[in-house]
K.L.:
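Take a look at this one; I'll ask things after.
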Amino acid sequence: MTQLLYMETFGCQMNERDSEIMAQLLGEHSYVQTDTPEQADVVVVNTCSIRGKAAHKAYSCFGRYKKLKEKHHDFILAVTGCVAQQDGAALLERMPYIDIVMGPQSIYALPSLVAAFRRDRKPLVATDLSAEFIIPPFLPNLAEGPAHKRFITIMQGCDNFCTYCVVPYTRGREISRSFADILAEATHLVEQGVKEITLIGQNVNSYGKKGDAAQHKSFPELLRAVAGIDGLKRLRFTTSHPKDLSEDLMRCFAEIPVLCPHFHLPVQSGSNSILKQMNRKYTIESYLDKVARLREYRPDIALTTDIIVGFPGETDDDFAATMQIMETVQYHGAYSFKYSDRPNAKAADFPGKVAEEVKTGRLARLQARQEEIALAFKQAEIGKAVEVMVEGASKAPANQWSGRTGTNQIVNFSCERKLVPGELLVVEIEGACQNSLRGKMI
Ligand code: SAH
Ligand code: SF4
Ligand code: F3S
């Protein structure tokens, strides 16, 4: 009998891909996704714990499902992802209406956990972070997720232990997937019509160093192999740790035509003493050197970054150094955050916590300047003809379409013809605003 599944996903691309996998696994057991939680037999909330705010979002979401269970009907509530891993059995004690608590390494066990709960009606916790964990071979079903572009998880976990970060505790030790499994998955996707693939992991630059990929293939070798799949139009990857960015990887940007000219290279801070406190293991000088090398290999490369303001001990001078790095590098985009304490992360015990209003002020200044820089990049595109991959039709008006450049900028454009997502075409850019470009097809 068909059962209805409702999923809610927070957090990063790793979590998005995990949600697709869970939906597919339950799909193989007669579960069909629904948009209305009121009708669901199983609700899965895939949570994120990266910052205090993200975890709060998850907790308030649980509260909504509690009410729904009381008011409406009983369903199985499974909490997965990084909050589930972090809080484990404590979640069940605090929120007895949760039925299953399951960490990121256990996603492949979801159908058996749901079946066991149905049978025994006893709450279940699966949060074992075993170092022997192997990511099983898995071919994606195109029904779960967009048809023209997909993520492939190439590794799991993180060994870097940046002092602010919860990920090494929620995703466990770094493990690379088998080279052959990734290639099989990528080939399968392209054969199904997928045009763009993004390889994802917390630190893709150290791919192949640990785990099942220990056929000793490196990340550049993986990129070249995936790029060689006939029919693939665009290849991307994220995220990279600057300390592990090799010359070989930089060279890929000059040598692999389908590799998009976009690099997300989180800097976190412009101050060497803060970087040291963060345990980032690079200096601003070495970071800038890599930025320069990347631009030599691929002059049109768009750089984006992550920045934390208000890390413990951050002075006005440290923050000024971060503002300076924005000027020096000129990022196409930046995700910036106020530092928040995370469970188990070392910096939670560091002295010199920065007052909330100081963090707020710094973040606002940083974001205002970054918006100007990003807008200037967009304005510089006006008059140019750029290659765009079609994403879909805009809601209104008619004949308006939306797509992305290789540099990952959104382009809204007009075209009379009916387009297919994944199609590549050339658009003349006529205007720019903060979040997108606009133009017409030529
Ligand atoms: N693996 C990636 C990032 C994963 S988390 C990397 O190494 O870059 C995404 C971003 O969240 C981080 O780059 C960082 O900028 C931010 N972040 C992580 N922990 C945080 C915390 N405790 N407070 C504020 N921002 C945080
Ligand atoms: Fe977190 Fe650092 Fe690992 Fe990124 S590299 S996931 S910021 S510990
Ligand atoms: Fe969030 Fe976990 Fe991803 S904490 S950012 S869902 S790895």
Side-chain angles (χ1 to χ4, degrees), residues 8-19 22 45-58 79-87 102-105 107 127 129 151 153-175 200-207 237-245 263-270 274-275 277-282 287 303-312 314 322 331 333-350 353-354 356 359-360 362-363 366:
E8 194 158 353
T9 305
F10 300 96
C12 61
Q13 291 127 330
M14 311 285 295
N15 251 19
E16 280 180 45
R17 177 67 195 126
D18 285 353
S19 285
M22 290 190 280
V45 186
N46 196 8
T47 60
C48 172
S49 175
I50 198 74
R51 287 167 289 276
K53 244 193 199 165
H56 279 125
K57 249 196 219 163
V79 174
T80 65
C82 291
V83 172
Q85 184 65 42
Q86 173 194 294
D87 293 355
M102 194 186 88
Q105 273 195 12
I107 55 172
T127 50
L129 276 184
F151 297 133
T153 304
I154 64 161
M155 57 209 298
Q156 138 95 23
C158 183
D159 285 355
N160 285 317
F161 293 94
C162 303
T163 54
Y164 50 80
C165 187
V166 79
V167 173
Y169 307 96
T170 60
R171 298 257 166 184
R173 295 291 54 74
E174 183 180 296
I175 299 161
I200 58 172
Q202 292 300 349
N203 180 16
V204 293
N205 298 0
S206 60
Y207 171 80
F237 61 83
T238 193
T239 303
S240 301
H241 195 303
K243 80 174 162 55
D244 297 315
L245 171 50
F263 204 112
H264 186 65
L265 194 59
V267 66
Q268 311 298 358
S269 167
I274 294 294
L275 287 175
Q277 291 297 308
M278 288 176 164
N279 193 30
R280 289 291 283 179
K281 301 195 179 88
Y282 53 83
Y287 180 93
L303 298 174
T304 55
T305 200
D306 291 347
I307 288 174
I308 297 175
V309 302
F311 184 82
E314 186 185 75
T322 298
Y331 293 104
Y335 299 96
S336 45
F337 314 100
K338 289 191 266 187
Y339 166 82
S340 65
D341 286 340
R342 303 311 298 132
N344 299 313
K346 264 197 185 158
D349 298 326
F350 286 3
K353 292 285 157 60
V354 176
E356 198 55 33
K359 288 194 246 182
T360 306
R362 287 179 185 170
L363 187 69
L366 186 135

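Ligands are counted one by one from 1 in listed order, and the atoms in each one are counted from 1 as well.
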K.L.:
Protein N/O/S atoms under 2.8 Å of atom 1 (Fe) of ligand 2?
P.N.:
C165 SG

K.L.:
What are the two closest heavy atoms between V267 and T305, and how far apart are they?
P.N.:
N-OG1, 2.8 Å

K.L.:
Enumerate, one pair per line, all nitrogen or oxygen atoms of ligand 1 lying under 3.5 Å from a protein nitrogen or oxygen, stating the separation to 0.1 Å; write 'none' if no such pair exists.
P.N.:
residue, atom, partner, partner atom, Å
ligand 1, 1 (N), Q202, O, 2.9
ligand 1, 1 (N), Q202, OE1, 2.8
ligand 1, 11 (O), R51, NH1, 2.8
ligand 1, 13 (O), Q268, NE2, 2.8
ligand 1, 13 (O), D306, OD2, 2.6
ligand 1, 15 (O), Q268, OE1, 2.7
ligand 1, 22 (N), Y164, O, 3.0
ligand 1, 22 (N), S340, O, 2.8
ligand 1, 23 (N), S340, N, 3.0

K.L.:
Kindly indicate whether the side chain of C12, heavy atoms from C-beta on, has any atom under 4.5 Å from the side chain of I50.
P.N.:
no

K.L.:
So if I count the atoms of ligand 3 from 1 in the order they appear, which ones are less than 4.0 Å from some heavy atom of Q202?
P.N.:
7 (S)

K.L.:
Kindly write out the residues that satisfy side-chain hydrogen bond (donor to acceptor under 3.5 Å, both in side chains) with N205, not counting sequence neighbours, or none if the list is empty.
P.N.:
S240

K.L.:
I need the atoms of ligand 3 closer than 4.0 Å to a non-hydrogen atom of N15, numbered in the order shown.
P.N.:
6 (S)

K.L.:
Should the heavy atoms of other residues, nucleotides or ligands under 6.0 Å from NZ of K338 be counted, would the total exceed 12?
P.N.:
yes

K.L.:
Check for me whether Q268 has a heavy atom closer than 4.0 Å to any atom of ligand 2.
P.N.:
no

K.L.:
Give me the one residue out of K346, Q268, R342 that meets side chain to side chain donor-acceptor pair (under 3.5 Å) with Y164.
P.N.:
Q268

K.L.:
Check ring pair (Phe, Tyr, Trp, His ring centres under 6.0 Å) between F337 and all other residues, then give those that pass, not counting sequence neighbours.
P.N.:
none

K.L.:
Under 6.0 Å from the NZ atom of K243, do we count more than 12 heavy atoms belonging to anything else shown?
P.N.:
yes

K.L.:
Out of C165, P104, A58, C48, who gets a non-hydrogen atom closest to atom 1 (Fe) of ligand 3?
P.N.:
C48

K.L.:
For ligand 3, is any non-hydrogen atom under 4.0 Å from M14's backbone (N, CA, C, O), its side chain (CB onward), both, or neither?
P.N.:
neither

K.L.:
Tell me which protein heavy atom sits closest to atom 3 (Fe) of ligand 3, plus the residue, atom name and distance to 0.1 Å.
P.N.:
C12 SG, 2.3 Å

